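In this text, all values refer to a predicted model and were calculated from it rather than measured experimentally.
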Amino acid sequence: MRDLIKVGLAILISALPVSARAQGVGVDVPLSNGGVERVLFVASANPRALLIMFPGGDGILDIGDTAATSLLAGNFLVRTLPLWQAQGFAVEVLGSPQNQSLVGQRHTAAYAAAVDRAVDFGRTRVNAPVWLVGTSAGTTGAANAAAALGGKVAGLVLTSSITRQTGETVFDTNLGAISVPALVVANQGDTCSITPPEDAPVLASHLARSPRKEVMLVESSTFNSKPCEALSPHGFYGIEPMVVQRIADWIKR
């Protein structure tokens, strides 16, 4: 399966024009507890917004000097970095504090504080509105930070949100405290049992204070991984450019 993901990722990257391929900078952001959170920062000229990206899985993303590696490099938000850059956004992809698993930790105050530091770092590089963009398990971290950081955040995008499982879900965050525009994106072809697309309107209904919210439904059926992994409808496999374009248009509005 790991080889299949690598092959699929290579095909996606090779299909992108050379001018659109992202070149990042890996940086260790100091945390208040003395630890660090490594981030990958990708700049663009005169960015419309700074997108803080929250990948899913266990959150462990090996970030080198210029790129992210490990299995999570195939995550929807990571593998589409060139597409976001081409849309005129600066992007900051979050690794995990101390490169430790985030399973069960994304809804906590400590994690929101780590995101706060990452947002402050991004704003030293780019003077633009900050949007938090999460996918799968990363939606819990993005929603938690949007609730906690208040005016530091301009908007929120939640894609393939985890809404059903015995562990942590997006409903473990204070959704009612989120007071920024929010977009909930779901793939009607997503067969992952913990991210059912029919829960998207339910999730949106919990965003009671959001001044502008919308559920965006897309559909695909191509699989190159298991249903809850990245190269499937859960990760918008095969329709990445369309999904990025629609999200970008919503943010720019």
Give the cluster check for V153 versus F121: same hydrophobic cluster or not, with ILVMFWY residues linked at side-chain heavy-atom distances below 4.5 Å.
yes
Report yes or no: do V119 and L31 belong to one cluster of Ile/Leu/Val/Met/Phe/Trp/Tyr joined by side chain heavy-atom distances under 4.5 Å?
no
Is D65 atom CG crowded by more than 12 heavy atoms from other residues, nucleotides or ligands, each under 6.0 Å away?
no
Point-to-point distance, once rounded to the nearest 0.5 Å, from CZ of R164 to OG of S193
9.0 Å
Would you say K213's side chain and V184's backbone share a donor-acceptor pair under 3.5 angstrom?
no
Would you name the heavy atoms of G57 and A137 that are closest together and state the gap between them?
O-CB, 3.8 Å
Between R117 and S32, does a side chain to side chain contact (heavy atoms under 4.5 Å, CB included) hold up when you go through it step by step?
CA-CA 8 Å; R117 289 296 185 99; S32 59; 3.3 Å; yes
Ignoring hydrogens and angles, tell me if any N or O in the side chain of E168 forms a donor-acceptor pair with the backbone of H107 under 3.5 Å.
yes
Could you check whether any side-chain N or O of T163 sits under 3.5 Å from a backbone N or O of D199, counting only pairs where one atom can act as donor and the other as acceptor?
no
Do N127 and R123 have side chains that approach each other closer than 4.5 Å (heavy atoms only, starting at C-beta)?
yes
Do the side chain of R38 and the main chain of G64 share a donor and acceptor less than 3.5 angstrom apart?
yes
Take the angle between the ring planes of F54 and Y111 and call it parallel below 30°, perpendicular above 60°, tilted in between.
perpendicular
With a 4.5 Å cut-off on side-chain heavy-atom distances among I, L, V, M, F, W and Y, is there a chain of contacts connecting I162 to Y237?
no
Do you reckon V170 sits in the same ILVMFWY cluster as V202, going by side-chain contacts under 4.5 Å, direct or chained?
yes
Would D58 and S101 count as a side-chain hydrogen bond (donor to acceptor under 3.5 Å, both in side chains) if you check the C-alpha gap in whole Å, the side-chain angles of each, and the deciding distance to 0.1 Å?
CA-CA 5 Å; D58 61 9; S101 173; 5.1 Å; no
Taking the side chain as every heavy atom from C-beta outward, state whether V215 and L217 have any pair of such atoms under 4.5 Å apart.
yes
Pair R106 + D172: basic N to acidic O under 4.0 Å:
no
Cation-aromatic face contact R212/W250, 6.0 Å, 45 degrees
yes
Check: M242 and V218 side chains under 4.5 Å, non-hydrogen atoms:
yes
Nearest 0.5 Å, what's the OG1-CD distance between T140 and Q105?
12.0 Å
Check the orientation of F171 and H206. Use parallel for under 30°, tilted for 30 to 60°, and perpendicular for over 60°.
tilted
Salt-bridged, R79 to E240, with N to O below 4.0 Å?
yes
Kindly say whether V180 contributes a backbone atom to a donor-acceptor pair with the side chain of S210 at under 3.5 angstrom?
yes
Non-hydrogen side-chain atoms of V25 and T66 separated by less than 4.5 Å
no
Spell out, yes or no, whether L102 and I194 are grouped together once hydrophobic residues are joined by side-chain heavy atoms under 4.5 Å, including indirect joins.
no
Modelled atom types, side-chain donor and acceptor of S220 and N187, under 3.5 Å
yes
Steps toward salt bridge (charged side-chain N to carboxylate O under 4.0 Å, His left out) verdict (E214, R253):
CA-CA 13 Å; E214 183 177 333; R253 287 210 306 268; 3.4 Å; yes
Determine the minimum heavy-atom distance between A145 and V115, stating which atoms define it.
CB-CG1, 3.6 Å
Is the closest side-chain heavy-atom distance between D116 and K152 below 4.5 Å?
yes
When you measure from the side chain of S136 to the backbone N and O of G56, does any donor-acceptor pair fall under 3.5 Å?
no
Step-by-step side chain to side chain contact (heavy atoms under 4.5 Å, CB included) determination, V126 to F41:
CA-CA 10 Å; V126 171; F41 186 86; 3.4 Å; yes
Just by distance, do the side chain of Q98 and the backbone of V36 share a donor-acceptor pair under 3.5 Å?
yes
Would you please classify the geometry between the W84 ring and the F89 ring as parallel, tilted or perpendicular, with 30° and 60° separating the classes?
tilted
Between F223 and S232, the two heavy atoms sitting closest are CD2-CB, 3.7 Å
Taking all non-hydrogen atoms of both residues, which atom of P211 and which atom of P181 are closest, and how far apart?
CD-N, 3.9 Å
Is there side-chain contact between V130 and I52, with at least one heavy-atom pair below 4.5 Å?
yes
Is there side-chain contact between H234 and E229, with at least one heavy-atom pair below 4.5 Å?
no
Quick check: does any side chain N or O of T139 sit under 3.5 Å from a backbone N or O of S161, one acting as donor and the other as acceptor?
no
For the pair M53 and V78, evaluate side chain to side chain contact (heavy atoms under 4.5 Å, CB included) and give the outcome as yes or no after the intermediate values.
CA-CA 8 Å; M53 299 296 203; V78 183; over 6 Å; no
Restricting to non-hydrogen atoms, name the atom on A118 and the atom on L94 that form the minimum distance, rounded to 0.1 Å.
CB-CD2, 3.6 Å
Tell me, with the steps shown, if V157 and V185 meet side chain to side chain contact (heavy atoms under 4.5 Å, CB included).
CA-CA 7 Å; V157 179; V185 185; 4.3 Å; yes
Would you give the length of the straight line joining atom CG of L72 to atom CG of D62, rounded to the nearest 0.5 angstrom?
9.0 Å
Taking the side chain as everything from C-beta on, heavy atoms only, tell me whether V91 gets closer than 4.5 Å to V133.
no
